[in-house]
Structures are given as C-alpha cells and as structure tokens.
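Notes follow the structure.
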Amino acid sequence: MNIKAYLDYFSDISHLKRDQQFELLEQASNEACLKLKPLNFSIIAFLIRIIFIVVISGGCYLFFGYSALLVIASIFLALLLSRIAVSEINTYLLSKSLKNILLKKTI
C-alpha cells in the first residue's frame, strides 16, 4: 500500500507535519496488517480483482452471449470497479487503525 497517497487525507492528522503524518500512517498500516494476519493489502486487492472479473464477465456472458469485444470491455470495467473498491477498503482499514492509534496516544 502506498501510504504517501494518504498524507493530508485524514482530517484527524492533517494539521501535523508530513513526517509525523507519515509515521502515524506507517504505524496504522502495520497495525492493519497485523490484524489481518493471513491477508494483507495485496492479497485483498488480488482477490477483489478476481471476484469482480469473474462476476462481471460471467454476468455479461450469461446475459449477452459470447463476444470478444464484450469480454474485453467487461474485464476493463471489472478492473476499473475493483480499483475503486480496493481503494475504499484500504482507506477504511487504514482509517480504522489510525483512529485506534490516536486513541491509544490520547489515553
């Protein structure tokens, strides 16, 4: 996961300096990976992409029949939608871990 993309993203830490934000985001990423022991961000992303490709391409095949152009378009659409889903899941997991870290620091 590229945690640099999340600098100045979360309002909870956006007032901090970038190096402090990076440290907190790195801690949150590590905590999220520890909670998901067998799964990590890359495995989750791979599984979601496969699921989206199978479901959307399979659905297009069942409803519209076989066409090479349709298969290519459905795979492209599936990859686009899976990228959005992966981004949202990563943001949610990172946000949840970041809130836990910030709660621990305030206590």
Side-chain angles (χ1 to χ4, degrees):
M1 170 195 280
N2 182 14
I3 58 175
K4 288 182 183 179
Y6 292 102
L7 290 174
D8 296 327
Y9 183 80
F10 296 108
S11 60
D12 298 338
I13 61 170
S14 63
H15 64 282
L16 299 173
K17 293 181 182 178
R18 286 186 172 255
D19 57 340
Q20 292 172 333
Q21 287 183 38
F22 186 79
E23 289 175 12
L24 287 171
L25 289 171
E26 193 172 34
Q27 289 174 3
S29 176
N30 291 339
E31 184 178 312
C33 285
L34 288 175
K35 285 184 180 179
L36 300 170
K37 292 180 184 178
L39 298 174
N40 61 19
F41 292 112
S42 60
I43 294 175
I44 290 172
F46 177 74
L47 291 175
I48 288 175
R49 285 183 184 112
I50 295 298
I51 290 169
F52 270 71
I53 288 172
V54 167
V55 169
I56 292 176
S57 296
C60 285
Y61 175 74
L62 289 175
F63 288 116
F64 303 114
Y66 182 76
S67 167
L69 184 60
L70 186 62
V71 170
I72 292 170
S74 66
I75 289 174
F76 177 74
L77 178 66
L79 289 174
L80 180 68
L81 293 175
S82 68
R83 183 176 174 111
I84 294 168
V86 166
S87 175
E88 290 296 321
I89 290 170
N90 287 345
T91 302
Y92 172 75
L93 292 173
L94 197 61
S95 172
K96 189 175 176 182
S97 295
L98 184 63
K99 287 181 183 179
N100 287 339
I101 288 173
L102 292 175
L103 282 175
K104 288 178 187 175
K105 288 194 181 239
T106 57
I107 294 176

The side chain to side chain contact (heavy atoms under 4.5 Å, CB included) partners of E23 (sequence neighbours excluded) come to none
Within one Ile-Leu-Val-Met-Phe-Trp-Tyr cluster: Y92 and I43, side-chain cutoff 4.5 Å = yes
Flag the pair L79 / F52 as yes when at least one side-chain heavy-atom distance between them is below 4.5 Å, and no otherwise. no
Residues L94 and S29: closest non-hydrogen pair is CD1-N, 3.6 Å
Hydrophobic cluster identity match, L80 and I50, side-chain contacts under 4.5 Å
no
Tell me whether S87 contacts the main-chain N or O of I84 through its side chain, where contact means a donor paired with an acceptor under 3.5 Å.
no
Looking only at heavy atoms, the pair that brings S97 and A32 closest together is OG-CB, 3.3 Å
From the list N30, L24, I13, L25, side-chain contact (heavy atoms from CB on, under 4.5 Å) with I101 holds only for L24
Cluster membership besides F63, Ile/Leu/Val/Met/Phe/Trp/Tyr side chains within less than 4.5 angstrom, sorted by chain and number, is F64, L70
Residues passing the side chain to side chain donor-acceptor pair (under 3.5 Å) test with S74, sequence neighbours excluded, are S57
Yes or no on side chain to side chain contact (heavy atoms under 4.5 Å, CB included) for T91 and F10, after CA distance, side-chain angles and deciding distance? CA-CA 10 Å; T91 302; F10 296 108; 4.2 Å; yes
Apart from V55 itself, its cluster of hydrophobic side chains linked below 4.5 Å comprises I51
Handout entry: Derivation of the side chain to side chain contact (heavy atoms under 4.5 Å, CB included) call for Q27 and K105
Key = CA-CA 12 Å; Q27 289 174 3; K105 288 194 181 239; 4.0 Å; yes
Rounded to the nearest 0.5 angstrom, the CD1-CD1 distance for I44 and I89 is 7.0 Å
With sequence neighbours left out, the residues meeting salt bridge (charged side-chain N to carboxylate O under 4.0 Å, His left out) with K99 are none
Across all chains, not counting sequence neighbours, the side chain to side chain contact (heavy atoms under 4.5 Å, CB included) partners of I72 are none
Taken in chain and number order and not counting sequence neighbours, the residues that satisfy ring pair (Phe, Tyr, Trp, His ring centres under 6.0 Å) with Y9 are Y6
Side chain to side chain contact (heavy atoms under 4.5 Å, CB included) filter on L77, not counting sequence neighbours, yields I56, L81
Check your understanding: Is the backbone N or O of L7 less than 3.5 Å from a side-chain atom of Q21, with the two atoms forming a donor-acceptor pair by type?
Key -> no
Contacts of S42 meeting side chain to side chain donor-acceptor pair (under 3.5 Å) (sequence neighbours excluded), chain-then-number -> N40
Besides F76, the hydrophobic cluster formed by Ile, Leu, Val, Met, Phe, Trp and Tyr side chains linked at under 4.5 Å, directly or via other members, contains none
Residues passing the side chain to side chain contact (heavy atoms under 4.5 Å, CB included) test with N100, sequence neighbours excluded, are E31, K35
Sorted by chain and number, sequence neighbours left out, salt bridge (charged side-chain N to carboxylate O under 4.0 Å, His left out) with D8 holds for R18
